[in-house]
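Everything on this sheet refers to the single structure shown next.
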Amino acid sequence: MIQLQAINKLYDLGVTKVEALKDVNLTIERGEYVAIMGPSGSGKSTLMHIIGILDQASGGTYLLEDFDITTLGDKEQARIRNRHFGFIFQSFNLFPELSALENIMLPMQYANVPYKERKQRAVRLLEDVGLAHRMHHLPSMLSGGEQQRVAIARALSNDPDLILADEPTGNLPSDKGEEIMQILEKLNQNGVTIVMVTHNPEQGARARRIINLQDGLITEETPVKEVTHAQ
Amino acid sequence: MHNEPLLIMLRRFTGRILESGLLILLVALGVGAASAGVSISLNSASYAADLRSRASYHEIAVSVPSQADTMEEPVIRKPTTDTTILTYADLSAAELLPAVDFAYIENPVRLSFVNEAVIERDAERRAQMEQIITSETAEDSKAEVPEGPPESMRMDAEDLEEAAQDSSIIIARIEELSGSSVSSEYFTSRALQTTFGSLFSTEDYQGTESVIILGHTAAQLLLSDGMTTGELIGKRLLTRTGYVTIVGILPPDGSSSDSRYYAPYQDTAASLGFTGIRRSSMGTVLRFYVTDEQELDATAEQLENWFTSQFGENQIVISNPKSEADQLIARNSSIGILMLLLSGAGLFIAAINVSHMLISRAMRMRRHVGILMALGSSRGSIRRLFTWESLGITGIGTLFGALFAIPLNASMQQAMSIQTDSWWAIALGAILSAVLILLFSLVPIMQYTRIQPADAMRNA
Ligand SMILES: Nc1ncnc2c1ncn2[C@@H]1O[C@H](COP(=O)(O)OP(=O)(O)OP(=O)(O)O)[C@@H](O)[C@H]1O
Ligand SMILES: [Mg+2]
């Protein structure tokens with residue numbers, strides 16, 4: 001369970017200060033599927049980064065399983081990102097120097113999974129996203145949709161409890177975006193918590209809850225009826 | 001490689017071979033120049049210390065001007081040089097000078113050995129001569145027999161055959177050996193002891209027997225198969241002018257005197273014919289050993305005065321090795337310092353450039369750093385990753401730099417006439433400069449110790 005209490009994020013630009021998040025209170029339960037929506041610049045990515053411990057809040061408390069993560073050192077924070085979180089980005093963020101397989105193996109290296117085991121597991125993950133035949137391809141040889149599926153496989157390599165997806169379909173044509181949405185939905189059905197930023201109201205409606213951000217403030221939380229998408 | 005983050009670094013390295021090569025070249029140039037500079041200045045300092053500790057540094061040499069010296073002098077003086085003869089008696093000058101601790105006389109000598117090759121060549125030459133003489137006598141009967149020792153003094157094939165039977169005689173494989181005949185103070189001034197045999201006895205200096213002491217290397221040259229060095233003692237050597245007996249062998253001292261031999265200086269010049277004196281006086285050197293180097297200059301001047309009063313102006317040459325060595329040392333140390341400064345500047349420029357290139361490389365890896373951290377890398381392992389890169393570049397560059405410094409250092413030292421060659425000076429210079437470059441290359445690494453992964457990814 002994630003609890004954000006009065007989270008602030010202030011970007012100090014010297015002359016001006018940008019308040020990207022203002023006293024955000026948010027609770028995300030295990031197994032939830034949350035969509036974060038709002039206009040550009042409203043603080044969606046900032047919120048995702050704070051949840052993912054990729055950035056530090058300027059104020060407020062972040063409790064993860066009732067544990068204040070700001071008290072943790074760099075190494076422990078890295079360990080949480082590695083073992084419990086999976087990130088999916090709008091621009092895929094694969095390493096261009098590594099093959100699809102090696103990209104998926106990398107997070108397991110930080111989890112000290114032996115070479116053979118991480119290779120086997122990476123192959124299985126690639127099969128799961130339907131890209132076994134692209135194993136040794138560099139990202140530059142893959143289409144956008146394929147790259148994003150490799151990125152998802154990479155996010156899943158250490159069996160995360162939480163997937164943080166920032167506009168995962170933003171750079172994809174709608175049919176490829178749909179493939180990604182289906183993968184995420186399937187993951188959620190298997191118990192993985194998903195927090196997704198989207199501009200697409202249709203995609204938002206497929207989550208169980210929509211959080212609307214406006215100028216760093218949560219303006220409304222809409223629980224979506226189970227019936228619209230379940231099973 | 002079973003480490004994916006390192007694999008990224010490696011592929012970036014090989015994927016930008018031009019940039020990577022340039023980085024390595026920069027390191028190599030910086031390290032090469034700096035280690036040659038360090039080596040040259042260290043070696044010139046140690047060579048200076050070595051020069052000052054040598055016995056020859058403490059010896060003022062007194063000699064008759066050589067033919068080469070008098071060439072530049074007015075022709076009128078030339079005949080006078082022939083009349084100046086330095087003898088053992090002239091060493092008495094030392095008694096007037098309290099700073100002189102030892103004085104000895106030295107005369108260049110040479111042994112010409114007899115062996116089969118020599119006999120064969122002699123026979124050939126004689127045959128040729130006879131042919132010329134007979135053909136010339138047909139036209140002109142005034143042809144002269146070529147110079148050389150009189151026939152009666154020559155050792156010939158018969159002697160060689162005889163000697164071959166005698167196990168106490170050594171037939172040298174070499175043809176010649178240079179040496180010095182020295183008075184006994186030579187050995188005392190250097191506190192020399194023999195490793196085998198003994199030094200010359202008083203009788204040896206009085207001169208009836210031909211005896212010699214061999215330098216370490218010279219002894220090795222005379223060994224026949226299966227013979228130990230010690231077995232040379234008491235053996236006789238067959239030379240053109242008769243037999244000489246080996247009485248002692250000196251320990252190695254690392255200088256050119258190792259390959260020479262020593263004979264007792266027998267002050268019988270006066271009893272030899274007039275020509276004998278003239279010949280021996282040409283190369284005769286009186287050496288005055290002054291332990292206290294502060295006294296060298298003053299003593300040289302006093303010797304100059306004394307010998308001038310004895311023989312007149314310009315009849316003798318006084319050479320003070322201290323002033324010569326000091327000049328060399330002073331020149332070398334200023335070259336050494338200059339080299340150190342220049343190479344230090346080169347290293348500094350290289351280090352700054354390396355740092356700059358690594359920073360720009362690291363800048364381009366900002367996004368990578370962000371993603372790596374998102375995927376579970378701690379700041380520590382990011383730091384380690386970049387440290388590996390720096391170590392790799394510095395390591396390879398240092399290796400090339402050291403290889404490049406070896407010939408650079410050698411040719412510089414040759415130009416400066418420094419005769420020490422210690423690889424450790426290059427190694428020390430290479431390590432020091434590698435450490436400096438590594439320090440500079442750690443700057444970009446430090447940039448990533450504070451960065452937030454979110455910022456790293458956003459600003460890519
Ligand atoms: N590093 C930064 N320095 C200064 N201001 C920043 C920084 N990062 C974000 N901001 C500002 O914070 C606000 C929120 O940014 P954020 O990226 O969270 O918006 P967003 O909702 O994700 O927008 P988009 O839909 O365009 O991705 C914006 O006004 C942005 O300009
Ligand atoms: Mg955003």
Side-chain angles (χ1 to χ4, degrees), chain A residues 9 11 20 45-56 73-99 101-116 118-119 122 138 151 154-155 157-158 160 164 166, chain B residues 1-20 23 358 360-389 392-393 445-460:
Chain A
K9 180 67 187 180
Y11 289 111
S45 293
T46 307
L47 181 60
M48 290 290 269
H49 288 149
I50 286 173
I51 296 173
I53 329 181
L54 297 177
D55 209 349
Q56 232 169 356
D74 165 61
K75 247 181 151 169
E76 286 81 13
Q77 293 188 351
R79 197 185 142 85
I80 291 174
R81 289 194 296 265
N82 182 238
R83 308 289 169 91
H84 301 287
F85 296 172
F87 295 92
I88 302 168
F89 306 95
Q90 180 175 0
S91 50
F92 323 132
N93 278 347
L94 295 175
F95 295 108
E97 300 85 3
L98 299 183
S99 69
L101 193 71
E102 289 159 347
N103 261 288
I104 299 168
M105 287 164 71
L106 188 138
M108 293 188 267
Q109 151 87 33
Y110 286 120
N112 296 321
V113 179
Y115 178 76
K116 251 186 145 167
R118 54 180 198 267
K119 191 167 177 178
L138 292 177
R154 183 176 71 180
S157 58
N158 282 328
L164 293 160
D166 194 344
Chain B
M1 181 174 300
H2 292 176
N3 182 316
E4 285 78 27
L6 263 182
L7 203 57
I8 296 176
M9 301 308 268
L10 201 71
R11 293 208 180 133
R12 283 180 78 86
F13 188 80
T14 53
R16 293 149 201 257
I17 204 72
L18 213 71
E19 189 193 66
S20 313
L23 262 171
L358 283 174
S360 86
R361 244 168 123 88
M363 289 292 239
R364 278 175 275 141
M365 280 202 74
R366 244 180 112 87
R367 191 184 202 88
H368 279 70
V369 170
I371 304 168
L372 282 171
M373 285 173 86
L375 295 178
S377 169
S378 63
R379 284 169 221 275
S381 53
I382 294 285
R383 229 175 297 151
R384 239 164 302 156
L385 197 60
F386 279 91
T387 307
W388 275 115
E389 185 188 35
I393 290 168
I445 298 172
M446 290 311 151
Q447 291 201 316
Y448 290 117
T449 56
R450 287 171 298 265
I451 199 171
Q452 287 290 341
D455 293 331
M457 282 187 290
R458 203 191 295 264
N459 297 345

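So you know, we letter chains A, B, ... as the sequences are listed, proteins then strands, and number each from 1. Note that the coordinates shown come from a computational prediction; the quantities given were computed from them, not determined experimentally.
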> Measuring heavy-atom distances to chain B, does A:Ser91 have an atom under 4.5 Å in its side chain, in its backbone, in both, or in neither?
Replying inline: side chain
>> So B:Leu372 and A:Phe95, do their side chains get closer than 4.5 Å, heavy atoms only?
In response: yes
> Who among A:Asn158, A:Leu164, A:Leu106, A:Asp55 has the most heavy-atom pairs with chain B under 4.5 Å?
Replying inline: A:Leu106
> Where do A:Leu54 and B:Gln452 come nearest, in terms of heavy atoms and distance?
Replying inline: O-OE1, 3.4 Å
> For A:Phe89, is it the side chain, the backbone, both or neither that has a heavy atom under 4.5 Å from a heavy atom of chain B?
Replying inline: side chain
> Can you say whether A:Gln77 sits under 4.5 Å from chain B via the side chain, the backbone, both, or neither, judging by heavy atoms?
Replying inline: neither
>> Between A:Arg81 (side chain only) and B:Met373 (backbone N and O only), is there a donor and an acceptor less than 3.5 Å apart?
In response: yes
> Would you say the side-chain atoms of A:Lys75 pair up with the backbone N or O of B:Arg379, donor to acceptor, closer than 3.5 Å?
Replying inline: no
>> Whether the side chain of A:Asp166 engages the backbone of A:Ser45 through a donor-acceptor N/O pair (distance < 3.5 Å, no angle test) should be reported.
In response: no
> Just by distance, do the side chain of B:Ser378 and the backbone of A:Ala78 share a donor-acceptor pair under 3.5 Å?
Replying inline: no
>> Shorter than 4.5 Å, heavy atoms on both sides: which option in A:Lys119, A:Glu76, A:Met105, A:Met108 has the most such pairs with chain B?
In response: A:Met105
>> With chain B as the partner, which of A:Met48, A:Gln56, A:Arg79 has the greatest number of non-hydrogen pairs under 4.5 Å?
In response: A:Gln56
> Using non-hydrogen atoms only, which part of A:Arg83 is less than 4.5 Å away from chain B: side chain, backbone, both, or neither?
Replying inline: neither
